[in-house]
Amino acid sequence: MTTFQEQLRTAYLDYLNNYLNIERFAAVNNITEDDAHTMIIMGMKYHKSYVGILNSNEVEVGGNE
């Protein structure tokens with residue numbers, strides 16, 4: 001089960017990657033443009049926070065060298 005924050009992050013990334021404007025995002029998701037704008041702003045904040053947490057943990061990719 002995903003959290004509300006995860007859902008908002010996913011909606012933000014969907015908007016960022018798949019839509020040219022808020023109007024179309026709102027229409028496809030059957031919500032008002034104001035609600036779409038609020039979702040995108042909140043999702044962006046949660047995404048930036050999430051990325052910041054990942055960066056602060058200095059996740060290493062690859063083997064030991």
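If you check the side chains of Thr32 and Asp35, you find a donor sitting under 3.5 Å from an acceptor.
In this structure a side-chain-to-backbone donor-acceptor pair under 3.5 Å is missing from Asn29 to Ile31. A distance-only check finds a donor-acceptor pair linking the side chain of Thr10 to the backbone of Glu6 [under 3.5 Å].
Atoms CE and CD, on Met1 and Gln7 in that order, are 8.0 Å from each other to the nearest 0.5 Å. To the nearest 0.5 Å, atom CZ of residue Arg9 and atom OH of residue Tyr46 are 10.5 Å apart.
Taking every heavy atom of both residues into account, Tyr12 and Ile40 meet most closely at CD1-O, 3.6 Å. Residues Glu33 and Glu23 approach most closely at OE2-CG, 3.3 Å, considering heavy atoms. When every heavy atom of Met42 is checked against every heavy atom of Leu8, the shortest pair comes out as CE-CD1, 3.7 Å.
Clustering ILVMFWY residues whenever any of their side-chain heavy atoms sit less than 4.5 angstrom apart, transitively, puts Leu13 in the very cluster that holds Tyr19. The hydrophobic clustering, which links ILVMFWY residues whose side-chain heavy atoms are closer than 4.5 Å, places Val51 and Leu16 apart.
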- Please assess Ile22 against Tyr15 for the test side chain to side chain contact (heavy atoms under 4.5 Å, CB included), listing each intermediate value before the final yes or no. CA-CA 8 Å; Ile22 290 175; Tyr15 166 75; 3.7 Å; yes
- Query: Phe25 and Asp14: side chain to side chain contact (heavy atoms under 4.5 Å, CB included), yes or no, with the steps?
  - Reply: CA-CA 9 Å; Phe25 179 80; Asp14 180 41; 3.9 Å; yes
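Within a 6.0 Å radius of CG in Asn30, other residues, nucleotides and ligands contribute 12 heavy atoms or fewer.
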